[in-house]
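To keep things clear, I will list the structure first and then write my remarks on it.
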Amino acid sequence: MVSIDFKKNNILIFPLVATAKENDSDLTILSFDNVYRAIDRYNYYEKEFLGEADVVLVRADSFDNMRVTFRNYFADTTDFVDYLDAVIKAHLAGEL
């Protein structure tokens, strides 16, 4: 489980890696009390890691809240897959 202080502004740095090595990727988390300092560092890291990592500035009440809000970064595709399944089933049943 990832350790994040939810009372702070957090920068998440997701290195871009080949699909075959996606499970070997390390998430970097930097926490800031001051939102202006966090924004400054975010802008710096966006330029520094351009093309090498996805940089996200987040603040959330809980890890679950963060996972829902930023589900693409946590690879939570459950809702999308469920939607596709429903559309395919409806199509095969002639409902579309």
Side-chain angles (χ1 to χ4, degrees):
M1 167 92 35
V2 176
S3 176
I4 298 177
D5 183 345
F6 292 102
K7 295 178 182 153
K8 295 186 178 190
N9 304 283
N10 298 285
I11 295 175
L12 310 179
I13 302 173
F14 297 89
L16 301 177
V17 297
T19 304
K21 295 184 178 188
E22 64 188 7
N23 291 330
D24 298 332
S25 179
D26 291 323
L27 169 66
T28 300
I29 302 170
L30 306 168
S31 297
F32 301 87
D33 292 319
N34 182 295
V35 68
Y36 300 108
R37 178 74 173 143
I39 291 169
D40 179 61
R41 294 283 67 198
Y42 166 79
N43 289 329
Y44 170 80
Y45 288 121
E46 272 285 296
K47 292 176 187 170
E48 181 72 16
F49 293 117
L50 183 63
E52 297 176 23
D54 205 358
V55 181
V56 184
L57 175 60
V58 298
R59 184 172 179 152
D61 296 331
S62 67
F63 186 74
D64 289 337
N65 187 333
M66 186 178 295
R67 282 183 60 88
V68 169
T69 304
F70 300 96
R71 73 180 58 203
N72 292 343
Y73 293 101
F74 292 96
D76 186 355
T77 59
T78 304
D79 290 343
F80 180 70
V81 171
D82 288 346
Y83 174 75
L84 285 180
D85 283 343
V87 169
I88 291 169
K89 286 176 185 173
H91 178 72
L92 292 175
E95 298 170 5
L96 293 179

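Because the structure is a prediction, the values reported are computed rather than measured. Positions are given from 1, in the same order as the sequence printed here.
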Practice problem: To the nearest 0.5 angstrom, please state how far the CD1 atom of I39 sits from the CG atom of L57. | Solution: 6.5 Å
Self-check item: Listed once per pair and sorted, the ring pair (Phe, Tyr, Trp, His ring centres under 6.0 Å) pairs that draw on residues 27-46, sequence neighbours left out
Solution: Y45-F49
Quiz prompt | Taking every non-hydrogen atom, the tightest pair across R59 and K8 | solution = CG-O, 3.7 Å
Practice problem: Nearest 0.5 Å please: distance from the CD1 atom of I29 over to the CD1 atom of I11. | Solution: 11.5 Å
Quiz item: What closest approach, in Å, do A38 and N9 show between heavy atoms, and which atom pair accounts for it?
Solution: CB-CB, 3.7 Å
Quiz item: Less than 4.5 Å apart, any side-chain heavy atom of L30 and any of R41?
Solution: no
Quiz item: How would you list all residue pairs meeting salt bridge (charged side-chain N to carboxylate O under 4.0 Å, His left out) that involve residues 42-51, not counting sequence neighbours?
Solution: none
Quiz item: Can you name the closest pair of heavy atoms from P15 and A53 and give their distance?
Solution: CA-CB, 3.8 Å
